[in-house]
Amino acid sequence: QLQLVESGGGLVEPGGSLRLSCESSGFTLDYFAVTWFRQAPGEERDGVSSINTGDGGTFYADSVKGRFTISTDNAKNTVYLQMTNLNPDDTAAYYCAAKRTHPQTQYSRGSLFAPNEYVYWGQGTQVTVSS
């Protein structure tokens, strides 16, 4: 059974940091795109950051560039999202999602940030930024 499990969310003050984890079970993350999405109440699910484990390429939404860093630990089948300098606009449920990639294909940020392209999803973890 293929599963993704997120952890690491919580309540943090503005300017603070959190690290989210997305652990896969039932499959390794070789040649996968793993993308973090977030969804605030009443809003659409938006792509935040993506990593293509095939070529190591990373992508970020403009709103998080310079503040968030995505990385992977292949030995642990885990993708991390290090979030720094958080602000209230970052408050949302964060989801990780994964899809297989082809080693000969170049992927754009737009394609990786499209939620309907993903088959595997985690259950989500809440991030709340508030004083």
Side-chain angles (χ1 to χ4, degrees):
Q1 187 175 0
L2 309 181
Q3 284 188 318
L4 297 172
V5 179
E6 302 101 331
S7 61
L11 173 63
V12 64
E13 292 185 349
S17 300
L18 284 174
R19 188 179 78 161
L20 306 183
S21 300
C22 172
E23 183 177 4
S24 67
S25 62
F27 64 105
T28 63
L29 291 174
D30 297 333
Y31 295 104
F32 271 84
V34 180
T35 298
W36 286 96
F37 293 86
R38 67 185 181 187
Q39 188 169 23
E43 302 290 331
E44 293 185 348
R45 190 168 294 190
D46 294 326
V48 175
S49 183
S50 183
I51 186 165
N52 184 345
T53 65
D55 61 15
T58 58
F59 301 84
Y60 296 93
D62 291 342
S63 60
V64 307
K65 279 182 182 177
R67 299 189 298 122
F68 290 10
T69 303
I70 193 169
S71 61
T72 183
D73 185 335
N74 291 334
K76 295 182 178 180
N77 287 323
T78 300
V79 172
Y80 301 101
L81 185 68
Q82 179 68 49
M83 307 186 296
T84 63
N85 195 20
L86 287 160
N87 62 65
D89 289 340
D90 297 314
T91 296
Y94 283 70
Y95 301 86
C96 68
K99 66 173 183 178
R100 297 185 187 277
T101 57
H102 191 281
Q104 304 301 322
T105 300
Q106 294 283 336
Y107 293 89
S108 67
R109 187 178 73 169
S111 67
L112 294 175
F113 280 10
N116 59 352
E117 295 283 324
Y118 290 82
V119 176
Y120 307 113
W121 287 88
Q123 82 288 352
T125 185
Q126 179 67 34
V127 172
T128 302
V129 184
S130 175
S131 55

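Basis for what follows: all heavy atoms, side chains included, without hydrogens, waters or symmetry-related copies. Values in this document were obtained by computation on a predicted structure and should not be read as measured data.
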**Prompt:** Is there a side-chain contact between Ile70 and Tyr60 (heavy atoms, below 4.5 Å)?
**Reply:** yes
Show every donor-acceptor pair shorter than 3.5 Å between a side-chain atom in residues 9-27 and any protein atom, with sequence neighbours excluded, or say none if there are none.
from, atom 1, to, atom 2, distance (Å)
Ser24, OG, Phe27, O, 3.1
Ser24, OG, Asn77, O, 3.3

**Message:** If I take atom CD from residue Gln104 and atom CG from residue Asp55, how far apart are they, to the nearest 0.5 angstrom?
**Reply:** 10.5 Å
**Request:** Check the hydrophobic clustering (I, L, V, M, F, W, Y; side-chain heavy atoms under 4.5 Å; chains of links allowed) and say if Val5 and Val119 are grouped together.
**Result:** no
**Request:** Please lay out, stage by stage, how Val79 and Cys96 fare under the test side chain to side chain contact (heavy atoms under 4.5 Å, CB included).
**Result:** CA-CA 9 Å; Val79 172; Cys96 68; over 6 Å; no
**Item:** Nearest non-hydrogen partners of Ala33 and Ser50, listed with the distance
**Value:** CB-OG, 4.5 Å
**Item:** From Leu4 atom CG to Leu29 atom CG, the distance as rounded to the nearest 0.5 Å
**Value:** 7.5 Å
**Complete:** To the nearest 0.5 Å, atom CG of Asn74 lies from atom CG of Asp30 at 6.0 Å
**Request:** Please report the shortest heavy-atom distance between Tyr31 and Thr53, naming the atom on each side.
**Result:** N-OG1, 3.0 Å
**Message:** Checking the side chain of Gln123 only, and the main-chain atoms of Glu6 only, is there a donor and an acceptor separated by less than 3.5 Å?
**Reply:** yes
**Asked** For Leu112, which fellow cluster members are found when Ile, Leu, Val, Met, Phe, Trp and Tyr are connected by side-chain heavy-atom distances below 4.5 angstrom, either directly or through intermediates?
**Response** Phe37, Phe59, Tyr95, Tyr107, Phe113, Tyr118, Trp121
**Prompt:** Which pairs pass salt bridge (charged side-chain N to carboxylate O under 4.0 Å, His left out) with one or both residues in residues 104-126, sequence neighbours excluded?
**Reply:** Asp62-Arg109, Lys99-Glu117
**Request:** Decide side chain to side chain contact (heavy atoms under 4.5 Å, CB included) for Val48 and Met83; before the verdict, give the C-alpha distance in whole Å, the side-chain angles of both, and the deciding distance to 0.1 Å.
**Result:** CA-CA 11 Å; Val48 175; Met83 307 186 296; over 6 Å; no
**Message:** So, taking the atom named OG in Ser63 and the one named CG in Asp89, what distance separates them when rounded to the nearest 0.5 Å?
**Reply:** 8.5 Å
**Prompt:** Hey, mind stepping through Arg38 and Val127 against side chain to side chain contact (heavy atoms under 4.5 Å, CB included) and telling me if it holds?
**Reply:** CA-CA 9 Å; Arg38 67 185 181 187; Val127 172; over 6 Å; no
**Asked** Do Phe32 and Tyr120 have side-chain heavy atoms sitting under 4.5 Å apart?
**Response** yes
**Prompt:** With the 4.5 Å side-chain cut-off for hydrophobic clustering, are Ile51 and Tyr80 part of the same group?
**Reply:** no
